[in-house]
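Sequential numbering from 1 along the given sequence is applied to the chain's residues.
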Amino acid sequence: MQLSKFIIVSLILCGFHNVISSQNIIPTVLVHGGAGDIAESTIPTKKYGVKLAARIGYETLKSTGNVVDAVQQAVEYLESNPNYNAGYGGVLTWEGNVEMDAAIMNGYDLNAGCVSLAKDIMHPISLARSIMDKTRHMYLAGDGAMTYAKTEGFEFLPEGALVTENAKKALEDFKNSYNNGSRFIEEKIFGSPGTVGAVAIDAYGNVAAATSTGGITGKMPGRIGDSPILGGGTYADNDSGCVSATGNGETIMRYNVASRILALTEIFGLSAQQATVKVLDEMTERFKQTAGVISIDPKGNLGIYFTSRRMSWAYQRGGELHFGVDKGEDNVEIVGEPRLNI
């Protein structure tokens with residue numbers, strides 16, 4: 001009887017200790033809007049979009065307490081904004097179609113949902129979430145994924161509704177360069193650069209990650225990049241942290257960027273920033289290709305780094321909203337905590 005009481009008291013104290021320890025972690029939602037050669041004229045719209053996405057994600061986290069909801073809502077906004085390469089505004093295949101990839105992951109139980117070759121829906125990240133929550137699978141692609149979307153009542157847009165004038169112009173420019181003999185032109189960005197993504201952590205160390213992309217301009221139909229690949233462009237684990245990547249997808253996949261970063265945080269105790277810098281610098285040195293990453297480690301430290309020229313990013317933590325595009329840039333706005341409807 002005394003032993004039982006001792007065990008119960010110990011469990012209560014352990015739980016209480018965890019709650020006290022958790023107060024050192026400040027809930028945060030961090031987003032990116034893609035890495036690459038972002039044009040000077042588009043910087044104001046890129047900043048505005050990621051700032052709003054971070055706020056939407058943060059307010060979702062504060063109102064629901066769910067990090068998965070937070071990253072999903074942040075990415076959904078970016079998918080609906082034509083200034084980013086995801087959802088509406090996604091870049092085009094060689095044939096002029098939008099084919100989208102997305103992934104979402106819950107660090108608490110390592111559950112995940114991934115989708116590739118999604119067509120004619122506004123929010124592939126929501127389809128990935130549905131796959132995670134409602135099926136016994138983690139990854140659906142192509143016709144099977146779209147059949148599932150129809151059975152789940154997703155709204156299908158008219159064919160071509162996701163195609164923007166900017167995406168068509170980017171494809172035209174790409175084809176002209178390709179036909180003029182520049183067959184290996186991965187270094188030059190055609191269309192809105194990069195993928196969009198979000199990572200989040202709550203006060204108790206629960207993390208989540210979400211990534212969504214239209215891929216690369218002029219890609220072959222059926223091409224799949226790193227974004228929906230767990231451990232490549234997306235990953236979340238409470239024991240190691242969370243990552244969303246953007247940049248040259250083939251290289252990010254080959255280097256297994258997300259897994260390498262989180263191995264350094266979990267096994268070697270590096271902070272999110274230290275691990276992200278190390279992995280991206282090594283990847284760029286080895287492959288001569290660039291990328292960007294946002295990450296959060298289990299202690300709530302943030303990683304924001306890119307070897308490309310620019311990356312749009314923003315995060316909200318408490319009443320502060322941080323954002324930037326150029327290297328070394330960290331602007332701060334005081335926005336205050338969201339009001340909750342109780």
Inset, instruction - Determine, for Phe323 and Lys47, whether the Lys NZ or Arg CZ falls below 6.0 Å from the six-membered ring centre while staying within 45 degrees of the axis. - result: no
Inset, instruction - Answer yes if the side chains of Thr234 and Thr211 hold a donor-acceptor pair under 3.5 Å, and no otherwise. - result: yes
Legend entry - Contacts of type side-chain contact (heavy atoms from CB on, under 4.5 Å), residue Pro298, not counting sequence neighbours: none
Legend entry - Close side-chain approach of Leu30 and Ile304, heavy atoms under 4.5 Å: yes
Enumerate donor-acceptor pairs with a distance under 3.5 Å from any side-chain N or O in residues 118-125 to protein atoms, sequence neighbours excluded.
from	atom 1	to	atom 2	distance (Å)
His123	ND1	Glu76	O	3.4
His123	ND1	Glu79	OE1	3.0

Inset, instruction - Would you mind checking if Glu282 and Arg286 are paired as a salt bridge, meaning a charged N to carboxylate O distance below 4.0 Å? - result: no
Inset, instruction - Please identify each residue that fulfils salt bridge (Lys or Arg N to Asp or Glu O under 4.0 Å) with Glu172, with sequence neighbours left out. - result: none
Please tabulate, one pair per line, all N/O donor-acceptor pairs under 3.5 Å involving side-chain atoms of residues 86-96, not counting sequence neighbours.
from	atom 1	to	atom 2	distance (Å)
Thr93	OG1	Glu95	N	3.3
Thr93	OG1	Gly96	N	3.4
Thr93	OG1	Asn97	N	3.2

Inset, instruction - Assess the side chains of His32 and Ser244: does a donor N or O sit below 3.5 Å from an acceptor N or O? - result: yes
Legend entry - Test: Arg223 and Glu250 ion pair at under 4.0 Å: yes
Inset, instruction - Please write out which residues are connected to Leu321 in a hydrophobic cluster, directly or through intermediates, given that two of Ile, Leu, Val, Met, Phe, Trp, Tyr count as joined at side-chain heavy-atom separations below 4.5 angstrom. - result: Val335
Inset, instruction - Report the hydrophobic cluster partners of Met105, with the cluster defined as I, L, V, M, F, W, Y residues connected by side-chain heavy atoms closer than 4.5 angstrom, directly or transitively. - result: Leu110, Leu230, Tyr235, Val243, Ile252, Tyr255, Val257, Ile261, Leu262, Leu264, Ile267, Phe268, Leu270, Val277, Val279, Leu280, Met283, Phe287, Val293, Tyr305
